Trainee: 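This is the structure I have questions about; it appears just below.
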Amino acid sequence: MYDLLVVGAGPYGLSIASHAAAAGLDLRVFGRPMASWRDHMPRGMFLKSEPWASNLSDPQGRWSLEAYCAGQGVAARHAKPIPVETFASYGLWFAHHAVPAVDERTVTRVSARPEGFEVVTEDGEVLHARTVALAVGVMPFVEIPAVLRHLDPALVTHSSHHSDLDRFRGGDVTVIGGGQAALETAALLAEQGTRVRVLARADRLYWNDVPPPWERPWWQSLRSPHSGLGPGWRNWFYAERPGLFRRLPEPTRARIAATALGPAGAWWVRERVEPHVEVLLGHQVTAAHPAGDGLRLRITGASGATRTLETGHVIAATGFRATADRLGLLSADLRAGLVTAADGAPAVGRSFESSHPGLFLAGLVTASGFGPAMRFVHGAGFTAGTLVRGVRRRLRALPRGTAGGTVVPAPGSHVRPVTPGAPAGARP
């Protein structure tokens with residue numbers, strides 16, 4: 001019986017595992033490390049967040065992105081975008097140094113049991129844990145517009161379905177969306193010789209400005225401080241005070257989670273899009289049907305006027321919708337029993353614990369509770385420390401002799417203490 005089983009090995013899962021190992025919890029971690037970053041982002045993309053705001057979290061802060069880049073002879077400077085490939089490699093380096101061995105098998109089911117949870121892996125192994133932390137990233141929550149869902153994946157995909165875009169060389173692609181994923185995908189397609197257009201409901205594209213210099217007069221910093229989500233006091237609050245954000249009224253939290261930091265492209269993508277990519281603003285797809293080797297789209301403008309557009313493929317860069325019903329690895333009764341917020345996301349308490357005792361959640365699925373920071377790597381630090389403290393409180397609440405780890409070790413438990421200052425992944 002493990003103290004904690006972490007499902008997911010992206011930035012949030014690895015950060016939670018690092019903090020849990022340092023706390024001496026008997027721990028297992030499942031998932032392919034950095035899978036979304038390695039398998040679901042095309043080559044040539046860059047990290048939108050600042051390097052200093054893109055660290056995975058270990059308790060001592062030893063295994064930062066800056067430290068990794070320094071070891072690789074790569075600059076990690078303010079206002080200098082980091083390639084996604086570099087960030088993915090950093091995550092693997094972090095996992096090697098700061099996390100106990102990761103089991104790369106997929107967890108297929110998590111069920112509640114009187115003593116905690118039963119967890120089943122893809123090959124049928126059954127494990128038991130007192131607490132579980134789901135850090136499943138964004139892939140379970142892919143959102144494709146309803147009008148396109150009936151079409152074959154050969155004709156319609158989500159932007160997260162591509163590790164490269166080579167199959168579209170010389171073809172014709174319509175990208176739906178107006179955010180960073182849509183605009184950077186369109187830029188990469190255009191640069192490889194694909195005929196590409198962006199179709200967006202908004203009447204204009206929004207672009208993030210070049211961030212202000214790191215060192216600047218004090219009065220400029222006071223007026224618009226740097227934060228992990230960009231400059232400005234509002235972004236600072238979202239990035240640095242997620243615990244206070246959770247105390248806002250639920251309708252306010254839901255509104256902010258849905259609208260803050262809306263679709264926008266990075267400044268370094270703008271010059272790659274505007275001269276080279278056709279942009280159709282104020283339009284949305286209202287019907288779609290196969291036609292020849294591609295699709296025929298009916299698009300409708302804000303005035304209600306319609307037109308027909310033929311394209312070889314549609315890439316929907318339309319984001320993610322993190323709702324409880326999409327947590328398919330949870331057993332039906334466990335999933336149905338979760339209390340949800342107004343937007344359908346599972347409600348979480350101050351320690352990221354769901355309404356089911358011992359089931360903790362992390363990442364995008366907690367954005368309606370803790371704010372926009374949970375949509376970005378920057379939120380992993382607050383999440384990891386807070387969640388692991390919550391796990392320890394939950395273990396202390398169990399009957400004496402059933403909690404493990406450094407709290408109440410059970411006879412014969414497999415506690416793996418971590419020496420302070422030593423990498424959690426170190427082996428005797």
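All of these numbers come straight from a predicted model, not from anything done at the bench.
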Trainee: Is any side-chain heavy atom of Arg270 closer than 4.5 Å to a side-chain heavy atom of Val273?
Mentor: no
Trainee: What I want to find out is whether Asp103 reaches Arg28 closely enough, with some N-O distance under 4.0 Å, to be called a salt bridge.
Mentor: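 The answer is yes: the pair qualifies as a salt bridge.
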Trainee: Any ion pair linking Arg43 and Asp166 (charged N to carboxylate O, less than 4.0 Å)?
Mentor: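 Counted as a salt bridge, because a side-chain N and a carboxylate O are separated by less than 4.0 Å.
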Trainee: With under 30° as parallel and over 60° as perpendicular, where do the rings of Trp236 and Trp233 fit, or are they tilted in between?
Mentor: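 Trp236 vs Trp233 ring planes: perpendicular.
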Trainee: Salt bridge or not for Asp343 and Arg321, using N-O below 4.0 Å?
Mentor: no
Trainee: Salt bridge check, Glu353 against Arg394: does any charged N sit closer than 4.0 Å to a carboxylate O?
Mentor: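 Salt bridge present between Arg394 and Glu353.
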Trainee: Is Glu118 salt-bridged to Arg109, cutoff N-O under 4.0 Å?
Mentor: yes
Trainee: Look at Arg326 together with Glu143 and state whether they make a salt bridge at an N to O cut-off of under 4.0 Å.
Mentor: yes
Trainee: Should Asp26 and Arg130 count as an ion pair when the cut-off is N to O under 4.0 Å?
Mentor: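 No, no charged N to carboxylate O under 4.0 Å.
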Trainee: Specify whether Phe352 and Phe370 have parallel, tilted or perpendicular ring planes, treating 30° as the upper limit for parallel and 60° as the lower limit for perpendicular.
Mentor: parallel
Trainee: Using the six-membered ring wherever Trp is involved, compare the ring planes of Trp268 and Phe46 and label them parallel, tilted or perpendicular (cut-offs 30° and 60°).
Mentor: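 Trp268 and Phe46: perpendicular rings.
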Trainee: Determine the minimum heavy-atom distance between Trp207 and Val269, stating which atoms define it.
Mentor: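 Smallest heavy-atom distance, with atoms named: CZ3-C, 4.0 Å.
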Trainee: Check the angle between the aromatic planes of Phe237 and Phe245 and answer parallel, tilted or perpendicular using the 30° and 60° thresholds.
Mentor: tilted
